[in-house]
Number of protein chains: 2
Amino acid sequence: MNALPQASDGAAQNRRVNIQDVAREAGVSVSAVSKVLRDAYGVSPAMRTKVTAAIDSLGYRPHAGARGMRGRSYTLGMVTRELSSPLQAEIAGAFGLALDGTSYQGILIATDINMGSQRRAIEALLDRQVDGLMLIAPWMPHEAIDVFARRTPLVAIARTGEPDSYDTICDDGRTGSRLMVDHLAELGHTRIAHITAGSGGFVAPHVLSHVARREAYESRMRELGLTPHVVTATFDEKGGYEAAQQLLDADEPPSAIYAGADIAALGVLRAAKERGLSVPDELTVTGFDNAFISSVTGVELTTIDQSALEAGTVAARLLLERLNGRTEAVHHLTEARLVVRRTSGPPPT
Amino acid sequence: MNALPQASDGAAQNRRVNIQDVAREAGVSVSAVSKVLRDAYGVSPAMRTKVTAAIDSLGYRPHAGARGMRGRSYTLGMVTRELSSPLQAEIAGAFGLALDGTSYQGILIATDINMGSQRRAIEALLDRQVDGLMLIAPWMPHEAIDVFARRTPLVAIARTGEPDSYDTICDDGRTGSRLMVDHLAELGHTRIAHITAGSGGFVAPHVLSHVARREAYESRMRELGLTPHVVTATFDEKGGYEAAQQLLDADEPPSAIYAGADIAALGVLRAAKERGLSVPDELTVTGFDNAFISSVTGVELTTIDQSALEAGTVAARLLLERLNGRTEAVHHLTEARLVVRRTSGPPPT
DNA sequence: CTTCTCGTGTAGAACGTTGCACAAAAACTG
DNA sequence: CAGTTTTTGTGCAACGTTCTACACGAGAAG
């Protein structure tokens, strides 16, 4: 015992404390400890106190890998595309926050907007035995999501349609676009253009929410007797910039550009500035999302608010419900709200 | 077999394909498959082809939890505080990207700036058997980090000092602050204030990089015969706003405010706008980080660039090196570069 | 022809949990 | 008080890997 430092029981030095150690310390069986950990049926109050005391005194923490092998891993996975997309980061943050106080932990993998890499991220999460999946604006057809949803509880954000194998949370793009078109029309605009992103070839009704935004823009424009004008771009600063160039180079350039996402609107602002067009006096620019960045002094973008906090929180709740046994799908629509800031005004006369 | 759909071998229906299935398919032992998976020593080319063929045809994917129980989980964990902090999201993105093509996967947990919750995030990652840890601007004393570093390879970002149990990557705040003070002095400013964040009570030399920025600001100011003026705030928009209020309410308000982080500079811009101070004509505002948000039209903040791409990429490399056996610590300094944009100009006369 | 070494492959005991099947004790029945 | 049900606790076989220890055969060395 004193001859060799790591003889006999000295092996305990670096070992992680496991459920057996707890059982020994508490003087009960391993199964009993497991029961209180999962708070399963059939534990007396006395047992519970004994075991929790042992857990605390030993500083025991369950091994997620081992748990995942038989039961749950108590891990929920999120997939977003690039984190630089501000709204997605906000949703992920809210999701994580909503999990505080539960026994679940959220982990996140960021991908780029590419079906292959999103699929790989999901597989990676599944390899890590997550108990549930939250996908933000997943860039894949309904059928592909469906396959994953059959394996594990899943909630998709920013998808329309009402799939029955998974839950969805979607902004109310129809109302949002109507509010925005009405706002611009009331200001006196008639040439209102819209920037959208590609559909990805996904078929209705299971599409990404920006498609609903575009459709509602088109129909509201027609209702008001105006001609819709849509241009497609990638939803990032550069995409918005290029789309704006294209729009402003036209014979009859729009007096208002409504971008389907705030991030694209930032690119529109850059194009306007480069051309010496003052916003909103000579060009009105609006977005959708009300990401943090839109509120920053100097940007102050008129946009449609969709609460990232709400989306993340509800997503967490829906997943927990599924883990507790719910099987019918739930579809949640978040409210759209017009936020008027600096970048919208009447058209030049 | 035809009576009951899930009789006998029908059980294979929903089961995940495991290493045994692969071994059977390839006609070799389980150990052999394991060897090729980890490409360990002692596999003939013939064996390798047989096994990889079986893996592909079965679509086998190793179970990370089970792997983590004996060997590695092939998972690297990152901890950031709120993702809304743009630079941190950018670093995390670069880290993930750098891991593409390796057999490792990065996962992320976002926390708030609070030692308890950061610690909990790390523990959660350790419970999930990550093989390495990347901490971005960890809000905890060196000693606490050290404890984790002894358990697992670890790299800390935005920490100064040269700890020997873990690697660090830090922006060159000394040079950055010198560049910024010189820039402002050359423009003619003499009353240059600085906004910093709390030190957290961590002791030199193991502090967060914003402390180095502040120290360098102070010493450079003195070298130029100017009086430093520092105010402490939290590094978010609101914190910057409040600090600016305090500075601008003073008897002799500064003509230039150098915020220790871009995100805080945004708050300064808001305060300036509220007071009707035009930037940069009446007030110069600068930041540090060159986060994406600073380049946006309408913000166009003068700042110090530190490459998030570089930080994330190097972090991934350092961790992989450690996993391959390196044990001496490496400390990497990223270059600081002045980026002059709209928000800095000569002081009002 | 031994004996050594080397390269290649395999058996099987971990790893830390869960949860089924069961036993024992306690609490109700009539 | 015997019989039944309920509550509480335990034993043990999984789960899917890794990796040490070992066996086997083929050349190389003596």
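Residue numbering restarts at 1 for every chain, and letters A, B, ... go by the order of the sequence lines. Keep in mind that what you see is a predicted model, and the values were worked out from it rather than measured.
- Side chains of B:Leu135 and B:Ile157 form no contact here, defined as non-hydrogen atoms less than 4.5 Å apart.
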B:Leu125 vs B:Leu133, side chain to side chain contact (heavy atoms under 4.5 Å, CB included): CA-CA, chis, key distance, verdict:
CA-CA 8 Å; B:Leu125 250 9; B:Leu133 232 29; 4.0 Å; yes
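- Side-chain nitrogen and oxygen atoms of A:Ser34 include none within less than 4.0 Å of the OP1 or OP2 phosphate oxygen of C:dT17.
- No hydrogens or angles considered: a donor-acceptor pair under 3.5 Å links the side chains of A:Tyr166 and A:His142.
- Residue pairs satisfying the salt bridge (Lys or Arg N to Asp or Glu O under 4.0 Å) criterion with at least one member in residues 120-147 of chain A, sequence neighbours excluded, are listed as follows: A:Glu123-B:Arg61, A:Asp127-B:Arg16, A:Asp127-B:Arg61, A:Asp146-A:Arg150.
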Using a 4.0 Å heavy-atom cut-off to protein, can you give one letter per nucleotide of nucleotides 11-16 of chain C, 5' to 3': B if the base is in contact, S if only the sugar-phosphate is, - if neither?
BB-BBB
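- Under the side chain to side chain donor-acceptor pair (under 3.5 Å) criterion, A:Arg48 pairs with no residue, sequence neighbours left out.
- One interatomic measurement links the two molecules: CD of B:Gln129 to C1' of D:dT17, which rounds to 13 Å at whole-angstrom precision.
- Atoms CZ (A:Arg24) and P (C:dT17) sit 12 Å apart, rounded to a whole Å.
- Listed for the B:Thr52 side chain is a donor-acceptor partner under 3.5 Å among the backbone atoms of B:Thr49.
- For the pair B:Arg72 and B:Tyr104, the cation does not sit on the ring face, since its NZ or CZ is not both under 6.0 Å from the ring centre and inside 45° of the axis.
- Atom CD of A:Gln20 and atom C1' of D:dG11 are 12 Å apart (whole Å).
- No side-chain donor-acceptor contact under 3.5 Å links B:Thr168 to the backbone of B:Val155.
- Between A:Arg128 atom CZ and D:dT17 atom C1' there is a gap of 14 Å when expressed in whole angstrom units.
- Within a heavy-atom distance below 4.0 Å of DNA chain C, the residues of residues 35-58 of chain A found are A:Arg38.
- Direction change of the helix axis from one end of the helix from C:dC1-D:dG30 to C:dG30-D:dC1 to the other is 40°, with five pairs defining each end axis (rounded to 10°).
- The side chain to side chain donor-acceptor pair (under 3.5 Å) pairs that include a residue from residues 309-329 of chain B are B:Asp167-B:Arg322, B:Asp167-B:Arg326, B:Glu310-B:His332, B:Arg317-B:Glu321, B:Glu321-B:Arg326, where partners are two or more places apart or lie in different chains.
- Considering B:Leu318, B:Ile145, B:Leu319, B:Ile122 as possible partners of B:Leu154, the one that fulfils the side-chain contact (heavy atoms from CB on, under 4.5 Å) test is B:Ile145.
- Distance check, rounded to the nearest 0.5 Å: CD1 of B:Ile55 to CG of B:Asp21 gives 12.0 Å.
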